[in-house]
Amino acid sequence: MELEMRSCCTHETDRPDAASKRTEPAPAKKLGGDAVFRYLTTFFAFSILAILALMLYEMTGESLPAIREFGWKFVTSKEWDAVQGQFGALPYLYGSVVSSVLALLLATPLSIGAALFITEVAPGRLGSLMAPLVELLAAIPSVIYGLWGVLVMAPWLQSTVQPFLIEHFGFIPFFEGAPYGVSMLAAVFILMIMVVPIITSITREVLLAVPQSQKEAAIALGATRWETIKIAILPYGKSGILGAAILGLGRAIGETMAVTMVIGNAPNISLSLLSPAYTMPSVIANEFAETTSKLHASALMEIGLILMLVTLIVNAMARLLIWSVSRSAKGGAA
Amino acid sequence: MMRSVGFRKAKNHLMSGVMLACTLAVLIPLGLIFFHILKMGVSSLSLDFFTHAPAPTGEPGGGMANGMLGSLIMIGGASLFGLPVGILGAIYLSEFGGSKVSTLIRFAADVLSGTPSIITGMVAYTLLVVPMKGFSGLAGSVALAMIMIPIVLRTTEEQLKMVPGSLREASLALGVPFWRTSLKVTLRSALSGVLTGVLLAVARIAGETAPLLFTALGNQFWSKNVLQPMAALPLQIFSFAIAPYEDWHRLAWAGALVLVTVMFALSLTARYFGRTGQAR
């Protein structure tokens with residue numbers, strides 16, 4: 001807030017006309033009110049850009065000590081030792097990438113299927129009941145998913161799913177080891193459950209933007225419902241659906257609480273999905289409030305910076321793809 | 001690629017079945033989550049939960065009333081910072097916004113709302129916790145406000161755009177200055193829609209945990225001073241869920257039930273306002 005106030009004042013003095021208008025007496029009052037209003041709203045709108053810039057600036061500035069100290073070694077080294085002052089982020093990068101990509105691979109087909117069912121297949125009333133339900137689910141706080149994950153899902157995985165996998169597929173490196181419950185597998189599952197409602201509800205919006213005439217044309221040619229979906233709806237919404245999936249990826253990479261609660265928080269790089277792992281947001285959540293040195297804090301900041309840049313790029317890409325569909329849909333209607 | 005009608009019909013049914021299966025696969029885990037929250041939450045709720053702070057380790061009983069109070073204070077603070085920025089910024093976008101800059105601002109808001117909330121917490125930490133030499137509810141509020149702003153901005157702008165131009169013109173023709181027209185006519189006629197966005201934003205930040213981990217930090221006791229570490233319901237759910245005590249798990253379930261109930265109530269109210277707004 002303090003910072004906002006400061007930039008507010010420089011903003012006023014930057015524009016001498018605004019300052020002079022305020023000092024003028026009654027006649028200019030009406031005009032002044034509008035001018036002030038305009039500047040005020042402009043200031044608040046631009047503060048969005050300022051917040052984004054400020055975030056990037058702060059994160060970069062705070063990461064500099066770690067960047068200077070370790071350079072590229074930061075992202076290639078696996079050694080993370082606060083006592084020795086050695087910080088390598090590879091296990092966290094690995095955990096983040098593997099958990100979110102696997103979760104996305106599972107979640108995307110399910111979400112597309114569910115979105116198609118809700119918009120195209122389900123009888124009218126059922127569809128209109130389910131759509132808001134899915135949106136409601138997309139808004140459930142992640143700490144609640146984490147609570148369920150750590151108290152219900154992880155014990156279940158430990159007692160049934162993981163022993164089964166070890167017994168029957170233990171010869172595959174992905175499923176070897178001991179059943180801990182909290183594991184990469186648990187993180188993948190909880191992430192999948194969490195991103196599915198998000199991808200479903202955005203895919204649904206994209207599908208709704210497909211022009212009705214497109215569907216009618218396919219139906220007029222005698223296509224069945226599935227053929228209509230295949231030839232008229234999916235190709236049209238392709239880039240938007242891709243955007244929805246990428247947005248889901250962004251959520252999965254940045255997801256903190258639920259993953260921290262179920263992934264086991266061990267900086268391993270292991271092929272086995274059954275072993276505990278760690279992610280970028282989780283290590284920040286666990287260590288940031290209790291850093292032991294300036295360098296430790298800076299290393300966590302650098303992880304935050306990497307996380308922020310990755311999600312910025314991922315989100316920008318997703319938004320552009322989704323916008324391209326809704327814009328072309330609007331253009332087609334006009 | 002001519003295929004028999006029978007084959008095509010069969011394939012249609014098969015794919016409809018697959019889509020139904022996908023929907024069920026999506027809804028079953030979510031149904032299970034609700035089942036457990038209800039089952040564990042209802043049996044763990046008590047009057048103490050709403051009136052007491054957590055009991056010391058090892059003692060039974062206690063509640064999360066201090067967390068609920070802390071959450072309320074921080075949500076209030078966040079709204080105080082975030083709502084004016086979001087709503088006035090939205091007025092700029094809908095009433096004055098030139099094409100290119102507005103698109104950039106919209107884009108920035110969308111990207112910002114997709115940034116992991118833990119990053120917001122880190123930024124609030126460097127901006128407030130370090131200079132003020134301590135974790136505080138204020139820092140928590142600022143972190144939450146930064147999450148709230150893009151949501152309020154985008155939803156409010158959409159609502160303002162739906163207000164017909166003739167309404168603005170009528171007001172201006174009566175000699176009402178533009179700023180009064182914007183606030184008293186345009187904003188007021190979009191009020192129910194704006195409220196929808198505000199409620200959704202509040203619902204979103206009510207459940208945020210990660211940005212509070214190193215801003216508000218949490219507090220075992222009653223905390224009303226915004227310059228001191230402050231308890232919050234989601235933070236308590238987190239720390240109690242990962243603790244190894246059965247009693248604390250029960251409190252966490254009760255907390256989850258309360259949080260989900262509040263969130264759904266907010267969402268449903270928002271939906272109600274959204275509907276009345278559209279009907280007009």
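Throughout, protein chains are lettered first and strands after them, A, B, ... in sequence-line order, and every chain is numbered starting at 1.
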Participant: Could you tell me which of B:A203, B:S267, B:G114, B:A145 has the largest number of non-hydrogen atom pairs under 4.5 Å with chain A?
Facilitator: B:G114
Participant: Less than 4.0 Å between a side-chain N and a carboxylate O, is that true for B:K9 and A:E227?
Facilitator: no
Participant: Within this structure, what is the CG-CG distance for the pair B:L127 and A:L54, rounded to the nearest 0.5 Å?
Facilitator: 5.0 Å
Participant: With a 4.5 Å limit on heavy-atom distance, are the side chains of B:T209 and A:P141 in contact?
Facilitator: no
Participant: For B:W179 and A:V36: C-alpha separation, side-chain torsions, deciding distance, then whether side-chain contact (heavy atoms from CB on, under 4.5 Å) applies.
Facilitator: CA-CA 9 Å; B:W179 68 272; A:V36 168; over 6 Å; no
Participant: Heavy-atom pairs under 4.5 Å with chain A: which of B:V123, B:I237, B:D110 has the most?
Facilitator: B:D110
Participant: Which region of B:L27, side chain (C-beta onward) or backbone (N, CA, C, O), has a non-hydrogen atom less than 4.5 Å from a non-hydrogen atom of chain A, or is it both or neither?
Facilitator: side chain
Participant: Does any heavy atom of chain B fall under 4.5 Å from the side chain of A:E135, the backbone, both, or neither of them?
Facilitator: side chain
Participant: Can you confirm whether more than 12 heavy atoms, excluding those of A:Y57, are under 6.0 Å from its OH atom?
Facilitator: no
Participant: Give the C-alpha distance, both sets of side-chain angles, the deciding distance and a yes or no for side-chain contact (heavy atoms from CB on, under 4.5 Å) between B:M15 and A:L116.
Facilitator: CA-CA 10 Å; B:M15 293 314 287; A:L116 283 171; over 6 Å; no
Participant: Side chain, backbone, both or neither: which part of B:I37 has a non-hydrogen atom closer than 4.5 Å to chain A?
Facilitator: side chain
Participant: Side chain, backbone, both or neither: which part of A:M55 has a non-hydrogen atom closer than 4.5 Å to chain B?
Facilitator: both
Participant: For B:A241 and A:L151, work out which heavy atoms get closest and say how close.
Facilitator: O-CD2, 3.9 Å
Participant: For the residue pair A:F37 and B:S182, establish whether any side-chain heavy-atom pair is separated by less than 4.5 Å.
Facilitator: yes
Participant: For B:T23 and A:A114, work out which heavy atoms get closest and say how close.
Facilitator: OG1-CA, 3.5 Å
Participant: Tell me, side chain or backbone of A:F189 under 4.5 Å from chain B's heavy atoms, or both, or neither?
Facilitator: neither
Participant: Please give me the minimum heavy-atom distance between B:T115 and A:N315, naming the atom from each residue.
Facilitator: N-ND2, 4.1 Å
Participant: Would you mind checking which part of A:M153 comes under 4.5 Å of any heavy atom in chain B, side chain (CB onward), backbone (N, CA, C, O), both or neither?
Facilitator: neither
Participant: Within this structure, what is the OG1-CD1 distance for the pair A:T260 and B:I242, rounded to the nearest 0.5 Å?
Facilitator: 8.5 Å
Participant: Can you tell me which portion of B:L104 sits under 4.5 Å from chain A's heavy atoms? Options are side chain, backbone, both or neither.
Facilitator: both
Participant: Answer with side chain, backbone, both or neither: which region of A:L137 has an atom nearer than 4.5 Å to a non-hydrogen atom of chain B?
Facilitator: side chain
Participant: For B:R8 and A:G222, which heavy atoms make the closest approach, and how far apart are they?
Facilitator: NH2-O, 2.8 Å
Participant: List the atom of B:M263, the atom of A:L136, and the distance in Å for their closest heavy-atom pair.
Facilitator: CE-O, 4.4 Å
Participant: Kindly indicate whether the side chain of A:F46, heavy atoms from C-beta on, has any atom under 4.5 Å from the side chain of B:Y92.
Facilitator: yes
Participant: Sort A:T224 into side chain, backbone, both or neither according to what part of it lies under 4.5 angstrom from a heavy atom of chain B.
Facilitator: both
Participant: Any idea which heavy atoms bring A:A285 and B:I118 closest together, and the distance?
Facilitator: N-CD1, 3.6 Å
Participant: Quick check on A:P132 against chain B: is it the side chain, the backbone, both or neither that has a heavy atom closer than 4.5 Å?
Facilitator: both
Participant: Any heavy-atom pair between the side chains of B:M19 and A:W226 that's under 4.5 Å?
Facilitator: yes
Participant: Would you mind telling me which of B:S102, B:G89, B:S117 has the largest number of heavy-atom pairs within less than 4.5 Å of chain A?
Facilitator: B:G89
Participant: Which residue out of B:I91, B:L30, B:L213 racks up the most heavy-atom pairs below 4.5 Å with chain A?
Facilitator: B:L30
Participant: Between B:Y125 and chain A, with a heavy-atom cut-off of 4.5 Å, which part of the residue counts as in contact: side chain, backbone, both or neither?
Facilitator: side chain
Participant: Only pairs of heavy atoms separated by less than 4.5 Å count here; which of B:V18, B:T215, B:T126, B:L24 has the most with chain A?
Facilitator: B:T126
Participant: Does the side chain of B:F238 reach to within under 4.5 Å of the side chain of A:I144, using non-hydrogen atoms?
Facilitator: no
Participant: Considering only heavy atoms, which portion of A:T311 lies under 4.5 Å from any heavy atom of chain B: side chain, backbone, both, or neither?
Facilitator: side chain
Participant: Quick check for you: to the nearest 0.5 Å, what is the distance between A:I48 atom CD1 and B:S113 atom OG?
Facilitator: 9.5 Å
Participant: For the pair B:H36 and A:W148, name the ring-plane relationship: parallel under 30°, tilted 30 to 60°, perpendicular over 60°.
Facilitator: tilted
Participant: So which part of B:V129 gets closer than 4.5 Å to some heavy atom of chain A, the side chain, the backbone, both or neither?
Facilitator: neither
Participant: Chain B: which of A:R319, A:E120, A:E58 shares the most heavy-atom pairs with it under 4.5 Å?
Facilitator: A:R319
Participant: Counting C-beta onward and ignoring hydrogens, is there a side-chain heavy-atom pair between A:L307 and B:P116 closer than 4.5 Å?
Facilitator: yes
Participant: Starting from the C-alpha separation in whole Å, work towards a yes-or-no answer on side-chain contact (heavy atoms from CB on, under 4.5 Å) for B:F34 and A:I140.
Facilitator: CA-CA 11 Å; B:F34 278 110; A:I140 292 184; 3.5 Å; yes
Participant: Using non-hydrogen atoms only, which part of B:V111 is less than 4.5 Å away from chain A: side chain, backbone, both, or neither?
Facilitator: both
Participant: Given heavy-atom pairs under 4.5 angstrom as the criterion, report whether the side chain, backbone, both or neither of B:M122 touches chain A.
Facilitator: both
Participant: In Å and rounded to the nearest 0.5 Å, what is the CD1 to CD1 distance from A:I51 to B:I149?
Facilitator: 4.0 Å
Participant: Given side-chain contact (heavy atoms from CB on, under 4.5 Å), test A:I193 with B:I33 step by step and report yes or no.
Facilitator: CA-CA 10 Å; A:I193 296 173; B:I33 292 176; 4.1 Å; yes
Participant: How are the rings of B:F214 and A:F288 set relative to one another: parallel (under 30°), tilted (30 to 60°) or perpendicular (over 60°)?
Facilitator: perpendicular
Participant: Give, as side chain, backbone, both or neither, the part of B:L20 having an atom under 4.5 angstrom from any heavy atom of chain A.
Facilitator: both
Participant: Measuring heavy-atom distances to chain B, does A:I112 have an atom under 4.5 Å in its side chain, in its backbone, in both, or in neither?
Facilitator: neither
Participant: Side chain, backbone, both or neither: which part of B:A210 has a non-hydrogen atom closer than 4.5 Å to chain A?
Facilitator: both
